[in-house]
Amino acid sequence: MKTRKRSSLLICLGLAFAFLLVQQAYATLGESVDSIATNKKTLSAVRSFTRTSSKYSIHEFQSETITIREYVSPSGIVFGIAWNGLTYPDLTPLLGSYASEHQKAASHIKRQPGRRYIKIKSDNVVVEKWGHMRNLQGRAYAPALIPQGVSTDEIK
Amino acid sequence: MKLNKLLFFILISLLVISYSGCSGGGGGGGSTSTPTVTLASIAVTPANPGIAWGGTQQFTATGTYSDSTTQDITTSVTWSSSNTDVATISNTSGSNGLATSFTAGATDVSASLGSVVSPSTTLTVNSSNINNVITVTVNGGIGIPNVNVPNWPYVSVMVCTPGTTNCITIPYILLDTGSYGLRIFRSFLATVPLTQVTSGSGSLTECIQYVGGSADWGPVQTADVILGNETAANVPIQVIDSTFGQPTLCSQTNQYILDTSPSEAGYNGILGVGPFTQDCGSGDGCGWYYSCNGSSCTPATTVSLNNQVSNPVSFLSTDNNGVILRFPIIPLGGVLSVNGDLVLGIDTQSNNSSSGVTMYPADPIYGYITTIFNGNTYSDSCYIDSGSNGLFFPAKDAPTLPTCGDWFCPSSTQKFSATIEGYTGSPSNSVSFQIGDADTLLSQSTSNEVFIELGGPYPSAFDWGFPFFLGRSVYVGIEGKTSSLGTGPYWAY
């Protein structure tokens, strides 16, 4: 019995780990949209849907605590990511190759007590966070990848 | 002619009366020389002072002698207070003439020496801070080392070991309508042990991440919380402690910097008095709670509402349906500091009536109302938030306002108007506000800490921060609780 319990726990941990890996794959800034389609089946635990406008498509994923929307250009590149929910997402996997420059920029930001908004700009990526307890929001975008005619305000 | 004669008669009569009045007051004037100097009169100063409840007032007695000399006789007279329920006055050596207030009201203070008694002077103890009223101070946080945050309101809160009189009063607690529940740095609780809340076999622990990149981590413990003179018993609070358990879970690989001290945070704690009872309010714990055994913590996926960090106001026996924040209006350019009131309860006592205010129903999950500004409607993240230190809204809606970093910096102060609506779409009323040059207001050359015209850019939302509270009484109605305004969550002003 003891052994069996342990193995089921391991399976749970394994599934959780797999889920985390999937999460990392479905919304990486600056990368191809292909990973979304590839992993859609595995993502069935998470509600998701897609909206398409003339300028871009939005792929939305909902978990218990957070909704993430990624904005995909007609050429299939993720140029922006927006989120809202009870928690903030772990930005490291979301930002992919931009994560390190963002972390470096973030470490130099002076804290602003009293503000419910922060904007962190680095060379190639902008991260904004705002909101209140129970609804924390934010967006990240790579200005160079935003298609012509699309405003950053549309990433929300 | 007849009328003229009558007037003449009256005039003569008055002259006669006044003359006889004057002549009737004769006498006096004789000089009576006395061989020794005697005390002729006693004067008490200051005349008719007013103090806040809980405060003290030092009186001085000045004797005037028969030779017209004066002398300070504060320590020789016998002091008396006509109403010792309101205030007593000391005749003890070392504190002679010091009045200590006990309740709101007025008392006549006088001093006597031998047969000479002073005229009385009235000491008024103001209702502020009585029972359900707590003084709120906005002074930049000068009581915390190395802190300077304009427009942040602070209160003092007393925290006790549950069921005991072992208590400590902690000043500089941020009064925040943008969050729910009390959070206090552990360093203040060394002599006041609280009761740990369990989660399975471990200790319930919480991680709260803030937009500015900081986070508060620490165990959830129950305390008796005393606000004003009222007790909220066994309230789960968060004890901020970045050394407890496994804090790296909260910093999320250094994406958030954990608050380790009041100097870093800008507060000794936070009192979240927004319109909800629990911080999360959902039985899954919102992903904020952990169960810790030693230094090993795992996410707690089931956290009963009773165990979640809670707004102490909703635990009060009668004044539990919400709060009122009252602040005076201040001039443009700012002031050094401002005091306001946090009033407990709505329509539960004579001093918290809601008559004459308009109620705006709030979204039942987030507490949002709607703001329409420059033709754009913001129903998401639109909040009345005493923990935001400015008025924050999208810069695109105010193209005449240049920004300077985090703030608006127009060369001259500009007036604006927006519409606030209940989340249901009604009621709907306009609000005017002003935005000034933050660069000048916040420059090092001024030491002002409170500004009504401070604002900055905010994306896709409208955040009515502290300046909104100046010159208003803002009512915050707690979810599921009713006043004559209706059932919360709501905002009213």
Side-chain angles (χ1 to χ4, degrees), chain A residues 9 12-13 16 20 63-67 69 80 82-95 99-100 102-121 126-141 151-156, chain B residues 141 147-152 174 176 178-181 207-214 252-257 264-267 272 274 276 279-282 284-288 301 363 365-368 380-381 383 385 387-390 392 394 396 406 456-461 463 465-466:
Chain A
L9 178 68
C12 284
L13 284 172
L20 283 173
S63 75
E64 289 292 316
T65 56
I66 197 165
T67 300
R69 288 171 294 279
W83 59 87
N84 69 288
L86 293 162
T87 57
Y88 286 113
D90 185 352
L91 286 182
T92 305
L94 285 177
L95 295 180
S100 60
H102 167 68
Q103 275 201 4
K104 197 176 168 191
S107 67
H108 295 302
I109 288 285
K110 196 178 166 226
R111 284 176 59 162
Q112 291 281 9
R115 293 191 63 88
R116 311 279 192 189
Y117 171 54
I118 194 167
K119 183 174 189 173
I120 302 169
K121 272 181 177 173
V126 177
V127 173
E128 293 175 275
K129 299 174 184 178
W130 65 94
H132 290 94
M133 182 170 264
R134 294 192 181 187
N135 192 18
L136 305 169
Q137 306 182 58
R139 64 183 164 213
Y141 51 90
S151 155
T152 53
D153 283 334
E154 295 176 56
I155 305 167
K156 58 185 180 183
Chain B
V147 167
N148 185 308
V149 187
N151 282 356
W152 248 9
L174 174 66
D176 183 20
S179 69
Y180 329 105
C207 166
I208 295 291
Q209 294 168 339
Y210 298 101
V211 179
S214 64
Q252 227 169 314
T253 329
N254 300 324
Q255 289 178 49
Y256 295 88
I257 300 159
E264 270 183 3
Y267 47 71
F276 297 105
D279 59 0
C280 162
S282 167
D284 60 9
C286 293
W288 306 344
T301 51
D363 173 282
I365 298 171
Y366 305 116
Y368 295 147
D380 188 22
S381 266
Y383 219 86
D385 181 10
S388 293
N389 66 348
F392 299 111
K396 69 179 168 60
D406 295 327
Y458 197 62
S460 305
D463 181 5
F466 184 75

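This is a predicted model, so every value here is computed, not measured.
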- Query: If you look at every heavy atom in A:Pro113 and B:Ala265, which pair is closest and at what distance?
  - Reply: CB-O, 4.4 Å
- Query: Heavy-atom distance under 4.5 Å between the side chains of B:Ser460 and A:Arg139, does that happen here?
  - Reply: yes
- Task: Using a 4.5 Å cut-off on heavy atoms from C-beta on, say whether the side chain of A:Arg134 contacts that of B:Tyr180.
- Result: yes
- Please state whether the side chain, the backbone, both or neither of A:Leu91 comes within less than 4.5 Å of a heavy atom of chain B. both
- Engaged part of B:Asp406 at the chain A interface, taking heavy atoms whose separation is under 4.5 Å: both
- Which bit of B:Asp279 comes within less than 4.5 Å of chain A, counting heavy atoms only: side chain, backbone, both or neither? both
- 4.5 Å side-chain heavy-atom contact, B:Asp380 and A:Asn135: yes
- Quick one: what part of B:Cys207 sits under 4.5 Å from any heavy atom of chain A, side chain, backbone, both or neither? neither
- For each of B:Gly390, B:Gly287, B:Ser388, tally heavy-atom pairs with chain A at distances under 4.5 Å, and name the one with the top tally. B:Ser388
- Message: Could you check whether any side-chain heavy atom of B:Pro457 comes within less than 4.5 Å of a side-chain heavy atom of A:Lys119, counting everything from C-beta outward?
- Response: no
- In terms of heavy-atom pairs under 4.5 Å, which option from B:Tyr366, B:Tyr368, B:Tyr458 contacts chain A the most? B:Tyr458
- Item | B:Leu174 versus chain A, the contacting section by heavy-atom distance below 4.5 Å | neither
- May I ask you to test the B:Phe392-A:Arg115 pair for a side-chain heavy-atom distance under 4.5 Å? yes
- Message: Under 4.0 Å between a side-chain nitrogen and a carboxylate oxygen: does that hold for A:Arg116 and B:Asp385?
- Response: yes
- Mark yes when over 12 heavy atoms from residues, nucleotides or ligands other than A:Lys121 sit less than 6.0 Å from its NZ; otherwise mark no. no
- Query: Any idea which of A:Ile118, A:Leu86, A:Asn84 has the most non-hydrogen atom pairs under 4.5 angstrom with chain B?
  - Reply: A:Leu86
